[in-house]
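Labels below follow one simple rule: chain letters A, B, ... track the order of the sequence lines, proteins then strands, and each chain is numbered from 1.
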Amino acid sequence: MIRFSVLDFNLQATLESGQVFGFERLPDASFRGFLRGKKVTLRREGETLVVQGRTLPSERQVREYFDLDRDLSPVYAHLETDAVLKPALEKFRGLRLIQQDPWEALACFILSSNNNVKRIQGIWRNLSAKLSPGTNAFPAASQIARCHERTLRELGLGYRAPFLQRTALFVASSPGTLDAIREASYEEAVARVIAFPGIGPKVADCVLLYGFQKVEAFPVDVWILRVMRKLYFRGRRVSEERVRRAAARRWGALAGYVQQYLFHGARNGIL
DNA sequence: GACCAGGACCATT
DNA sequence: AATGGTCATGGT
């Protein structure tokens, strides 16, 4: 077990705001899942974060995973100034962007299209149990690459099965693909990620935001589209592209962080 | 039985 | 550039 003091961190909001799909909330309000490949249970005890597991990640890895060393005051400055966003800050202060595994983000958000969080979590468990027997961690690209489309359909992927299989094959056979995305600018990274089958503008932004720390990414899904139209366009049915541009203009390099409060606030009915 | 979910893709206009 | 139909699956 490791335990260390954490400031300005909302574990529950962070793990329940649709960023990762492999954590489950236990009856005692702790969370079980994988962090940097290690199976862990996480819980808050006052100002302390407690991490348990057979093999443990380092404190530094946990701090990096949850982005704990980022100063959120620039994000809060936007949320406080804006009267319509303030409720989300008051409710979810300490919600942070997770710096998850790039491949896991790429794969999981291919699965997310026209899907819902609960079902994505189910597919995550199916893939992990079937393709990573023993550990039940999320399978590597190579494990999915040598898997037949039919097998993936049987795990509940539906029409997304060939998208994930082909993407896994490409990533597994071209080492350096993910590194190149990380090193690229946001615009170039979008172009690279969107070239994979099953990835359009929205999924690309999720992958870059959660897997590659491109904080200017602003994923516009149905929830964000609804809440942005309501809060900033007087309910007019403006396009996703206009919403993206408005977010970039308004929030710039921190748009992704603001988006996380918008999304979680909208889904919880407080915006 | 229609509608929805962290949409993408293709064909038309 | 914008619109419309289609794509699996499970929940409401």
Side-chain angles (χ1 to χ4, degrees), chain A residues 13-23 88 92 95-98 100-102 104-127 130 138 147-168 170 190-212 214-231 233 236-247 255-271:
Chain A
T14 298
L15 287 177
E16 291 185 341
S17 55
Q19 306 184 55
V20 289
F21 303 100
F23 278 92
F92 301 121
L95 167 57
R96 289 172 181 271
L97 289 178
I98 294 173
Q100 65 180 276
D101 174 71
E104 183 173 337
L106 184 61
C108 287
F109 281 94
I110 287 176
L111 306 179
S112 76
S113 80
N114 198 24
N115 209 342
N116 60 65
V117 172
K118 189 175 296 293
R119 224 170 73 77
I120 300 165
Q121 291 171 329
I123 296 172
W124 190 101
R125 285 193 299 272
N126 292 345
L127 284 170
K130 178 81 174 183
F138 191 77
C147 175
H148 196 279
E149 174 186 330
R150 181 180 58 251
T151 308
L152 298 177
R153 284 185 181 270
E154 288 166 358
L155 297 177
L157 276 74
Y159 67 91
R160 310 168 192 85
F163 295 158
L164 180 63
Q165 206 278 334
R166 287 162 54 198
T167 298
F170 190 91
V190 168
R192 286 176 178 271
V193 172
I194 215 169
F196 289 111
I199 299 189
K202 186 270 171 183
V203 168
D205 272 340
C206 284
V207 172
L208 295 177
L209 182 60
Y210 304 132
F212 295 89
K214 307 292 187 192
V215 184
E216 62 267 58
F218 188 86
V220 180
D221 73 327
V222 294
W223 293 95
I224 292 292
L225 187 60
R226 274 200 296 260
V227 75
M228 286 291 288
R229 283 171 171 174
K230 173 184 173 186
L231 297 181
F233 294 92
R236 292 162 47 221
R237 301 177 56 76
V238 296
S239 69
E240 299 175 10
E241 184 52 35
R242 272 199 71 180
V243 167
R244 258 190 294 276
R245 288 203 307 272
Y257 247 104
V258 175
Q259 179 271 160
Q260 203 59 31
Y261 282 83
L262 276 168
F263 178 74
H264 200 49
R267 277 192 12 122
N268 286 277
I270 65 167
L271 287 180

Engineer: Starting from P on C:dA1, measure out to CZ on A:Arg242 and report it in whole angstrom.
Structural biologist: 16 Å
Engineer: With nearest nucleotides of DNA chain C determined for A:Gly158 and A:Lys118 from heavy-atom distances, which residue corresponds to the more 5′ nucleotide?
Structural biologist: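 Counting from the 5' end, the first nearest nucleotide belongs to A:Gly158.
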Engineer: Test A:Phe109 against A:Phe21 for ring-ring contact (aromatic ring centres under 6.0 Å, His included), laying out the working first.
Structural biologist: CA-CA 10 Å; A:Phe109 281 94; A:Phe21 303 100; 5.3 Å; yes
Engineer: Just to confirm, is there a sub-4.0 Å distance from OP1 or OP2 of B:dA5 to any side-chain nitrogen or oxygen of A:Arg226?
Structural biologist: yes
Engineer: Taking pairing as Watson-Crick or G-U wobble with both contacts under 3.5 Å, can you name the mate of B:dC3, or confirm there isn't one?
Structural biologist: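 The base-pairing partner of B:dC3, which may sit in any strand shown, is C:dG11.
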Engineer: Under 4.0 Å: is that the gap between some side-chain N or O of A:Arg119 and OP1 or OP2 of C:dG11?
Structural biologist: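 For C:dG11, OP1/OP2 do not have a side-chain N/O of A:Arg119 under 4.0 Å.
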Engineer: Take atom C1' in C:dG10 and the same atom in B:dG1, then report the distance between them in whole Å.
Structural biologist: 15 Å
Engineer: For A:Gly198, report the nucleic acid contact type (base, sugar-phosphate, nothing); a contact means any heavy atom under 4.0 Å.
Structural biologist: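 Sugar-phosphate only.
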Engineer: Determine the Euclidean distance between corresponding P atoms of B:dC4 and C:dG4; express it in Å to zero decimal places.
Structural biologist: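 Each nucleotide's P atom is 15 Å from the other's.
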Engineer: Using atom P in both nucleotides, what's the gap between B:dA2 and C:dG5 to the nearest angstrom?
Structural biologist: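 The answer is 15 Å between these two P atoms.
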Engineer: Does A:Phe109 stack onto the base of B:dG6, taking stacking as ring centres under 5.5 Å apart and planes under 30° apart?
Structural biologist: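 It does not: the ring fails the test against the base of B:dG6.
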Engineer: If only side-chain N and O atoms of A:Arg160 are considered, is one of them under 4.0 Å from the OP1 or OP2 phosphate oxygen of B:dA8?
Structural biologist: no
Engineer: Within a radius of less than 6.0 Å around CZ of A:Phe170, do more than 12 heavy atoms belonging to other residues, nucleotides or ligands occur?
Structural biologist: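 12 or below, so no.
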Engineer: Contact class for A:Ile199 vs. all strands (heavy atom < 4.0 Å): base, sugar-phosphate, or nothing?
Structural biologist: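 Answer is sugar-phosphate: A:Ile199 comes under 4.0 Å of backbone atoms only.
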Engineer: What contact category does A:Gln259 fall into here, base, sugar-phosphate, or nothing, at under 4.0 angstrom with non-hydrogen atoms?
Structural biologist: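 Base, at least one base atom sits under 4.0 Å.
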Engineer: Classify A:Gln260 by what it touches in the nucleic acid, base, sugar-phosphate, or nothing, heavy-atom distance under 4.0 Å.
Structural biologist: base
Engineer: Roughly how many Å is it from CD in A:Gln121 to P in C:dG10, rounded to a whole number?
Structural biologist: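 Whole-Å distance recorded here is 15 Å.
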Engineer: Between A:Val220 and A:Asp205, is any pair of side-chain heavy atoms under 4.5 Å apart?
Structural biologist: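 No, too far: nothing below the 4.5 Å cut-off.
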Engineer: State, yes or no, whether a side-chain contact exists between A:Leu152 and A:Cys147 at a heavy-atom distance under 4.5 Å.
Structural biologist: yes
Engineer: With rounding to the closest Å, how many angstrom separate the P atoms on C:dT6 and B:dC3?
Structural biologist: 14 Å
Engineer: With the side chain counted from C-beta on, respond yes when A:Val207 and A:Phe196 share a heavy-atom pair under 4.5 Å apart, and no when they do not.
Structural biologist: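 A:Val207 vs A:Phe196: side chains apart.
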Engineer: Using Watson-Crick or G-U wobble geometry with both distances under 3.5 Å, which nucleotide pairs with B:dA8?
Structural biologist: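 B:dA8 is paired, partner C:dT6.
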